[in-house]
Amino acid sequence: MRYAQTNVQANLRVVTEDVELGDVLLREGDAVMAVNSSANHDDAVFDAPDRLDLDRSHNPHLAFDHGLHYCVGAPLARVQLQEAVAGLLRRLPTLRAAAPPAWKTGLKTRAPRSLPVTW
């Protein structure tokens with residue numbers, strides 16, 4: 001979910017008091033947009049953020065948002081993905097990647113264009 005988001009998630013917020021963020025002064029009333037897909041690749045948070053690591057132990061991604069806005073469907077999505085992958089591997093136990101994936105990248109998406117497989 002952190003590595004390949006199929007769309008850009010962004011949250012529009014309004015600054016409630018003057019605050020300095022990095023080298024920028026944000027004034028009360030300013031509109032700001034937090035882009036989760038960018039935050040999910042922040043090298044200050046993730047070791048090697050552009051590497052797909054399914055065993056990553058520290059993975060505080062924002063694919064399901066955070067805090068009050070956390071997605072209520074996140075646990076269901078995780079279970080569905082785990083069951084889908086487990087079922088696929090039970091049915092095709094020799095399934096392997098035949099080549100590295102080709103990626104679509106851009107401002108609106110970061111997702112596999114194709115993933116050749118063999119079994």
Least distance between heavy atoms, Pro100 atom then Pro116 atom: O-CD, 4.2 Å
Reported CH2-to-CG distance for the pair Trp119 and Leu89, which is rounded to 0.5 angstrom: 12.5 Å
Taking all heavy atoms of Ala74 and all of Phe64, pick out the closest pair and write down the distance. CB-CG, 3.5 Å
Any idea which heavy atoms bring Asn40 and Leu62 closest together, and the distance? OD1-N, 2.7 Å
Nearest 0.5 Å, what's the CG-CG distance between Leu21 and Asp30? 11.5 Å
So do the side chains of Arg27 and Leu25 get within less than 4.5 Å of each other, counting heavy atoms only? yes
Do Leu92 and Val85 belong together in a cluster built from hydrophobic side chains that touch within less than 4.5 Å? yes
Determine whether Leu68 and Leu12 fall in the same hydrophobic cluster, where Ile, Leu, Val, Met, Phe, Trp and Tyr are linked whenever their side-chain heavy atoms lie under 4.5 Å apart. no
Hey, could you give me the CG/CG distance between Asp18 and Leu26, rounded to the nearest 0.5 Å? 9.0 Å
To the nearest 0.5 Å, atom NZ of Lys104 lies from atom OG of Ser114 at 10.0 Å
Are Val24 and Val19 connected in the hydrophobic side-chain network, where two residues link if heavy atoms are under 4.5 Å apart? yes
Is there a side-chain contact between Arg2 and Pro60 (heavy atoms, below 4.5 Å)? no
Taking only residues two or more places apart in sequence or in another chain, which ones pass salt bridge (charged side-chain N to carboxylate O under 4.0 Å, His left out) with Arg51? Asp53
Quick check: do Val117 and Arg96 have side-chain heavy atoms less than 4.5 Å from each other? no
Distance alone, cut at 3.5 Å: any donor-acceptor contact between the side chains of His58 and Asp47? no
Under a 4.5 Å side-chain heavy-atom rule over Ile, Leu, Val, Met, Phe, Trp and Tyr, are Leu52 and Leu115 clustered together? no
Could you report the tightest heavy-atom contact between Phe46 and Ala39, atom names first, then the distance? CE1-O, 3.6 Å
If you count heavy atoms of other groups shown closer than 6.0 angstrom to CD of Glu20, is the number above 12? yes
